[in-house]
Amino acid sequence: MTLALAEAEAAAARGEVPVGAVVLGPDGAVLASAGNRTEATCDAAGHAELLALRAAGQRLGSPRLAGCDLVVTLEPCPMCAAAAGLFRIRRLIFGAYDPKGGGVEHGPRIFANAGALHRPEVIGGVREREAAALLRGFFAVRR
């Protein structure tokens, strides 16, 4: 989570919503990390999770990341949660909960749906206060 928080801080410094993500291999080694890049790339799908998952898939040469873990500072949105399922990650670890835009513990609860293709282990609330403080600070300046 430390690296994911650093990615989130770097994203905030670039003017992006401060969300960071890291993909860990089965041995715990970092395969990829990323921060949000929606503004820089003019891409609404430039979420940290998608960028990190794609980079890890490229690095491993596979669209499936079986045995890999996704660590992210914010509860993934429905799009990113669905992508994590498609990548077949083993475990999803996230920091702050997102009651408005989350797709795992809130909203559509992607992995709880009967039609979910894959259900990773989910661990939420890891370093939640730090992750939430980054987001609150970022938006407080803009409102």
Side-chain angles (χ1 to χ4, degrees), residues 1-60 62-65 67-113 115-143:
M1 184 60 79
T2 298
L3 181 53
L5 287 165
E7 287 284 0
E9 289 171 358
R14 294 189 304 270
E16 301 278 357
V17 174
V19 177
V22 177
V23 177
L24 303 172
D27 61 355
V30 174
L31 294 176
S33 66
N36 273 359
R37 289 201 177 271
T38 58
E39 300 299 327
T41 60
C42 298
D43 179 4
H47 292 199
E49 301 95 310
L50 286 179
L51 299 173
L53 288 166
R54 288 173 179 159
Q58 287 293 311
R59 183 165 179 190
L60 293 180
S62 174
R64 284 166 291 288
L65 302 175
C68 295
D69 300 337
L70 174 62
V71 181
V72 62
T73 59
L74 180 65
E75 176 184 349
C77 71
M79 172 182 68
C80 291
L86 291 171
F87 273 97
R88 305 292 197 267
I89 62 161
R90 170 181 59 184
R91 184 179 299 122
L92 167 65
I93 302 159
F94 68 86
Y97 290 86
D98 188 356
K100 289 184 181 178
V104 178
E105 299 290 334
H106 298 90
R109 301 176 190 255
I110 297 296
F111 304 126
N113 282 314
L117 298 175
H118 177 74
R119 291 178 179 84
E121 177 185 356
V122 175
I123 302 168
V126 176
R127 296 178 69 177
E128 177 182 6
R129 288 184 182 166
E130 291 169 77
L134 273 173
L135 289 157
R136 276 193 305 274
F138 177 82
F139 287 111
V141 172
R142 284 156 178 77
R143 291 185 178 147

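In what follows, residues are counted from 1 in the order of the sequence shown. Values in this document were obtained by computation on a predicted structure and should not be read as measured data.
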If every non-hydrogen atom of Gly20 is compared with every non-hydrogen atom of Ala8, which pair is closest and at what distance?
N-CB, 3.6 Å
Does any N or O in the side chain of Glu49 come within less than 3.5 Å of the main-chain N or O of Ala81, such that one atom is a donor and the other an acceptor?
no
Should Asp43 and Arg37 count as side-chain neighbours, where that means a heavy-atom distance under 4.5 Å?
no
Identify the two heavy atoms, one from Ala52 and one from Ala34, that lie closest to each other, and give their separation to 0.1 Å.
N-CB, 3.9 Å
So, taking the atom named CD1 in Ile93 and the one named CG in Asp69, what distance separates them when rounded to the nearest 0.5 Å?
5.0 Å
For side chain to side chain contact (heavy atoms under 4.5 Å, CB included), just list the numbers for Phe111 and Leu92, CA-CA rounded to whole Å, side-chain angles, deciding distance to a tenth of an Å, and then say yes or no.
CA-CA 11 Å; Phe111 304 126; Leu92 167 65; 4.0 Å; yes
If you count heavy atoms of other groups shown closer than 6.0 angstrom to CZ of Arg142, is the number above 12?
yes
For the pair Val23 and Val30, evaluate side chain to side chain contact (heavy atoms under 4.5 Å, CB included) and give the outcome as yes or no after the intermediate values.
CA-CA 6 Å; Val23 177; Val30 174; over 6 Å; no
Is the closest side-chain heavy-atom distance between Val19 and His47 below 4.5 Å?
no
Shortest non-hydrogen pair, Gly101 vs Pro78, comes out as O-CD, 3.3 Å
Straight-line distance of Glu128 CD to Leu74 CG, nearest 0.5 Å:
10.5 Å
Going from CZ on Phe94 to CD on Glu75, what distance comes out if it is rounded to the nearest 0.5 angstrom?
4.5 Å
Which distance, rounded to the nearest 0.5 Å, do you find between the CZ of Arg14 and the CG of Asn36?
8.0 Å
More than 12 heavy atoms of other groups within 6.0 Å of Glu121 CD:
yes
Does a side-chain heavy-atom distance below 4.5 Å link Asp98 with His106?
no
Compare every heavy atom of Asn113 with every heavy atom of Pro108, then report the nearest pair and how far apart it is.
O-ND2, 3.3 Å
Should we say atom CZ of Arg64 is surrounded by more than 12 heavy atoms from elsewhere, each under 6.0 Å from it?
no
Looking only at the side chains, is there a donor atom on one of Arg127 and Thr2 sitting less than 3.5 Å from an acceptor on the other?
yes
First locate atom CG of Leu50, then atom CE of Met79, and finally report the distance between them rounded to the nearest 0.5 Å.
4.5 Å
I need the minimum non-hydrogen distance between Ile123 and Arg91, along with the two atoms involved.
CD1-CD, 3.7 Å
Would you indicate whether the side-chain heavy atoms of Thr73 and Glu7 approach each other to under 4.5 Å?
no
Does Val122 reach the side chain of Glu105, with side-chain heavy atoms less than 4.5 Å apart?
yes
Where the side chain of His118 meets the backbone of Ile89, is there a donor-acceptor pair that is under 3.5 Å apart?
yes
Considering non-hydrogen atoms only, spot the tightest contact between Ala32 and Ala56 and give its length.
CB-N, 3.7 Å
Determine whether Val17 and Leu135 make a side-chain contact, defined as any pair of heavy atoms from C-beta on separated by less than 4.5 Å.
yes
Atom CG of Leu60 and atom SG of Cys68: how far apart are they, to the nearest 0.5 Å?
5.5 Å
